[in-house]
Amino acid sequence: MRKGRKARQADDAPKRKTDYRNLKNPFPPMKAFSDDHIAKMHEAALDTLENLGVKVLLPAARETFRQGGAKVDESTEMVYIGRDIVQAALASAPKSIPVAGGARDRDIVLELGNLCFQPGAGAPHATDRIKGRRPGTWSDYQDLTRLTQHFDVLHMVPPLIEPQDIPIHLRHYATMEAQMTLTDKVPFVFSRGTPQVEQSFEMLRDFRGLSDAEFHAGAQCYTIINTNSPRTIDIPMAQGLIDFAKAGQVSIVTPFTLMGAMAPITVAGAITLSHTEALAAITLTQLTKSGAPVCYGTFTSNVDMKSGAPVFGTPEHFRASLAAGQLARLIGLPWRSASGSAANSNDVQAANETQFGTWGCLMAGATVIIHAAGWLEGGLTVSYEKLITDMEVLQMVAELCAAGETAGADLGLDAIADVQPSGHFFGTPHTMERYQTEFYEPLVADYSNYGTWQERGAIDANTRATGVWQDILARPNPVKTDDQAVGDLKDYIAKATKAGGAAPVS
């Protein structure tokens, strides 16, 4: 069948090239507080660690702190960490962390000034316009992993949703298999006890064809460590810090502090507590293995004081991100912040909260921004449609990051000379050479006028987003995998499953 003229012209049209893979944050960081006030917050955190201490529930972690010079009270499980110990830990923690993806062009470097995005993570539910809201399934996890792979502006795979149709003692097999076969981006490993962590490391090591020494020599994956605010590090999180530090893999330490609930009601108070807890966890990694890769992090917002429910994308959330960024720059470590939304559906509230939260992270200079696409209900749900509509914003941010300056052609001086006063630039050679490639191409936005939009069915953005994710998932898996490696992985999983899996215990 012969193609018509319009089809041939479309095929021959120049393709717009984008590079969203290695982004630098182009925005000067904003401040929430003066430098003096930030220094006082840091000093207050050191005083708190030294005099009030933190509760550490894992005996092995308390012993590590003891051997590192901290005072430990076994009867109360409290650990008192001197400021000299913390300062030594901050000195040994690497300021730049290369992390390997499944393909070399997916490698990232975690350091101040670099920018990595992740979609929403850790939700027990998934939702879309077709199936509605439901407990997360293995099928959802696979679909959301494929959507994460599709967009270059998403650089790391987070723990998207919990596939609750797979038992917890087998779940790490499924999530690791999906991350290795459906995406080539930096993978996530849950800190759910040493047996699961070690098996996850083994699967990743063998799938990538690495020796044990090669795996431990460089970061291949990461985990998220949440402290239990206020001032508690529980058993799984403490063990995760130790396991990842020993293996040379990345821990992103992220206290989850909500103003007025698990933290003081003020921004400064909540961030000071968050900073205190982050310093304690970072110190544990360095006492375990000096130079272990670790990222500073925060997830601090407020609660609705009428209901106690967590809220996101608020002015307080924004200011907390700015303050955390100042503290991250003070200690010099790469760091993770978070966007998010408390809205119950992919509506205007959801868009406003996520975009405002994301801009707070950007203005704060965050290295990694999680929950930047798809996150609803304060983390209870990941929405397929919201992931797509949020991607529009992230890709436009990436355009700002990637925008460069040239010395002559971009000024359009020839075009200015070509066009007489009161004329237009539509037909100038300068425009004709660039009109197909100069501007960002929208993912889900519709720029047509009202009449045309009506004639096309008056389809709203949420409905258009459904078509986008359905189209992506209808395509073949683009990730190239080695058949032998995939076969060996499945054999490993089958044998480990038959042996009973691995309980999430430390």
Side-chain angles (χ1 to χ4, degrees), residues 33 35-95 97 225-246 250-257 262-264 268-298 300 323-324 326-335:
F33 302 104
D35 292 342
D36 287 345
H37 199 56
I38 288 294
K40 290 178 181 177
M41 292 164 66
H42 179 62
E43 286 299 314
L46 295 175
D47 286 342
T48 300
L49 289 173
E50 197 163 46
N51 299 315
L52 298 180
V54 293
K55 192 166 189 174
V56 179
L57 303 186
L58 181 70
R62 294 197 300 274
E63 181 59 27
T64 299
F65 275 118
R66 187 199 313 276
Q67 292 181 6
K71 295 193 318 183
V72 177
D73 185 336
E74 285 294 337
S75 65
T76 61
E77 302 178 319
M78 293 298 294
V79 176
Y80 303 88
I81 312 169
R83 64 187 58 228
D84 56 331
I85 302 171
V86 177
Q87 289 165 348
L90 294 177
S92 67
K95 307 304 184 283
I97 306 171
I225 298 294
N226 297 125
T227 55
N228 288 62
S229 302
R231 292 188 297 130
T232 303
I233 303 177
D234 67 19
I235 289 175
M237 295 294 95
Q239 189 64 58
L241 290 165
I242 292 171
D243 290 341
F244 273 72
K246 285 181 176 178
V250 180
S251 294
I252 301 182
V253 176
T254 311
F256 180 32
T257 47
M262 303 118 69
I271 287 296
T272 299
L273 176 62
S274 174
H275 188 60
T276 301
E277 295 172 3
L279 292 180
I282 290 168
T283 299
L284 178 56
T285 68
Q286 299 309 297
L287 292 176
T288 300
K289 181 179 179 182
S290 182
V294 61
C295 283
Y296 181 81
T298 184
T300 298
Q326 290 180 264
L327 286 163
R329 293 189 292 278
L330 179 69
I331 63 177
L333 294 186
W335 72 290

Any chance you could measure R83, atom CZ, to L49, atom CG, to the nearest 0.5 Å?
9.0 Å
Could you work out, with side-chain contact (heavy atoms from CB on, under 4.5 Å) as the rule, every residue matching T288, not counting sequence neighbours?
T64, I242, A245, K246, L284
So which atom in T76 and which in K55 form the shortest heavy-atom distance, rounded to 0.1 Å?
O-CE, 3.5 Å
Does R231 reach the main-chain N or O of T48 with its side chain, forming a donor-acceptor pair under 3.5 Å?
no
K95 side chain to A93 main-chain N or O, any donor-acceptor pair under 3.5 Å?
yes
So, taking the atom named CD1 in I282 and the one named CD1 in I331, what distance separates them when rounded to the nearest 0.5 Å?
5.0 Å
Working to the nearest 0.5 angstrom, can you tell me the gap between E74 CD and R66 CZ?
5.0 Å
Distance col, row T276:OG1 vs E50:CD, nearest 0.5 angstrom, shows 12.5 Å
Atom OG1 in T272, atom NZ in K40: separation rounded to 0.5 Å?
12.0 Å
Taking every non-hydrogen atom, the tightest pair across F33 and M41
CD1-SD, 4.1 Å
Please report the C-alpha distance between Q286 and V294 in whole Å, then the side-chain angles of each, then the deciding distance to 0.1 Å, and finally whether the side chain to side chain contact (heavy atoms under 4.5 Å, CB included) criterion is met.
CA-CA 9 Å; Q286 299 309 297; V294 61; 3.7 Å; yes
Apply salt bridge (Lys or Arg N to Asp or Glu O under 4.0 Å) to D84 and list each qualifying residue two or more places apart in sequence or on a separate chain.
none
Polar side-chain atom of R62 near backbone of V79 as donor-acceptor pair, under 3.5 Å:
no
How long is the gap from CD on E77 to OG1 on T232, to the nearest 0.5 Å?
9.5 Å
Evaluate the side chain to side chain contact (heavy atoms under 4.5 Å, CB included) criterion for residues L58 and I233: first the C-alpha distance (whole Å), next the side-chain angles of each, then the deciding distance (0.1 Å), finally the verdict.
CA-CA 8 Å; L58 181 70; I233 303 177; over 6 Å; no
Testing P94, P334, P293 for side-chain contact (heavy atoms from CB on, under 4.5 Å) with V250, which one passes?
P293
